[in-house]
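Input: a single structure, listed below in structure tokens.
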Amino acid sequence: MSTDSDSTTEYAETTPRTGIARCAPLDGQTAPYTVHGVAIGPNDVTNGANGRKIWPPETLEAAAETLEGVPLNKNHDSKRVESVVGEVVAAEYEHDVGVIFDAEVDDEAIATKIARGRLEVSPHARHRADGEDDEGRLIVTDARFLDLAVVPRGASPSNYIESGQSEMLAALSATDVA
């Protein structure tokens, strides 16, 4: 990582997900900072209080819109006001990718950690289980997202968060407007 001597623009290392160097130009910007990512992917397996769970694509597709408007919290802490660091402003389901989102982050320190690739996301959802699959994992149905947390390591193998607006959501929004 290097810092340009004429500004405080910071450059992070190449991300393994895209192979594109991420740039975190926080100089001159003010909150809210735009971030994007994947909250959870189709058929991801997570470990919850009731054991291992599998998240089918049809469940995620039906639940995706409930992620929009939920708080972005630190470490799944939804009880303290100071733990709210932003809000999910857009969410959609992208086939073969999962629940994608754009969010606004109000906290510059959190935005910087996201830009440097040091944080992931973890969704918190209320849901039902419709039996088990062949491997004994609960099959998640009827899900509704309650919040999205920024955490050091998320439980979903597909989750990530990066600086900037999602190209996929921007493309979906343009299509919706047309």
Gap between atom [atom2] of [Y] and atom [atom1] of [X] - 0.5 Å precision:
{"X": "Asp44", "Y": "Leu60", "atom1": "CG", "atom2": "CG", "result": "7.5 Å"}
{"X": "His36", "Y": "Thr34", "atom1": "NE2", "atom2": "OG1", "result": "10.5 Å"}
{"X": "Arg52", "Y": "Glu135", "atom1": "CZ", "atom2": "CD", "result": "7.0 Å"}
{"X": "Ile100", "Y": "Ser158", "atom1": "CD1", "atom2": "OG", "result": "13.0 Å"}
{"X": "Glu92", "Y": "Asp102", "atom1": "CD", "atom2": "CG", "result": "10.0 Å"}
{"X": "Leu119", "Y": "Tyr160", "atom1": "CG", "atom2": "OH", "result": "15.5 Å"}

Between [X] and [Y], is any pair of side-chain heavy atoms under 4.5 Å apart?
{"X": "Val84", "Y": "Leu72", "answer": "no"}
{"X": "Glu120", "Y": "Pro152", "answer": "no"}
{"X": "Val150", "Y": "Ile161", "answer": "yes"}
{"X": "Val151", "Y": "Val121", "answer": "no"}
{"X": "Ile54", "Y": "Asn43", "answer": "yes"}
{"X": "Leu67", "Y": "Leu148", "answer": "yes"}

Can you tell me if [X] uses its side chain to pair, donor with acceptor, with the backbone of [Y] under 3.5 Å?
{"X": "Asp107", "Y": "Ile110", "value": "yes"}
{"X": "Thr59", "Y": "Val140", "value": "yes"}
{"X": "Asp133", "Y": "Arg137", "value": "yes"}
{"X": "Thr112", "Y": "Glu108", "value": "yes"}
{"X": "Thr46", "Y": "Ser156", "value": "no"}

With sequence neighbours left out, write down each residue that passes side-chain hydrogen bond (donor to acceptor under 3.5 Å, both in side chains) with Lys53, or none if nothing qualifies.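 For Lys53 the side-chain hydrogen bond (donor to acceptor under 3.5 Å, both in side chains) partners, ignoring immediate neighbours, are His127.
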Over all heavy atoms of both residues, which pair between [X] and [Y] is shortest? Give the atoms and the distance, please.
{"X": "Ala155", "Y": "Ser122", "value": "N-OG, 4.3 Å"}
{"X": "Ala125", "Y": "Phe145", "value": "CB-CD2, 3.9 Å"}
{"X": "Lys74", "Y": "Val85", "value": "CG-CG1, 3.5 Å"}
{"X": "Ser163", "Y": "Ala111", "value": "OG-O, 4.3 Å"}
{"X": "Ala91", "Y": "Glu68", "value": "N-OE1, 3.4 Å"}
{"X": "Trp55", "Y": "Ala143", "value": "CZ3-CB, 4.0 Å"}

How about Asp77 and Ser83: does a side-chain donor come under 3.5 Å of a side-chain acceptor?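 A pair is found: one side chain offers a donor N or O, the other an acceptor, under 3.5 Å apart.
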Is the closest side-chain donor-acceptor distance between His124 and Asp147 under 3.5 Å?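 On atom types as modelled, these side chains qualify, holding a pair under 3.5 Å.
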More than 12 heavy atoms of other residues, nucleotides or ligands under 6.0 Å from CG of Asp96: yes or no?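 Open: at most 12 neighbouring heavy atoms sit under 6.0 Å from CG of Asp96.
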More than 12 heavy atoms of other residues, nucleotides or ligands under 6.0 Å from CD of Glu65: yes or no?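 At most 12 heavy atoms, drawn from other residues, nucleotides or ligands, come within 6.0 Å of this atom.
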From CA spacing to verdict: side-chain contact (heavy atoms from CB on, under 4.5 Å), Arg126, Leu146: CA-CA 7 Å; Arg126 185 167 280 137; Leu146 303 174; 4.2 Å; yes
Does the pair Val99 and Val38 meet the rule for a side-chain contact (heavy atoms from CB on, under 4.5 Å), with working shown? CA-CA 6 Å; Val99 179; Val38 173; 5.9 Å; no
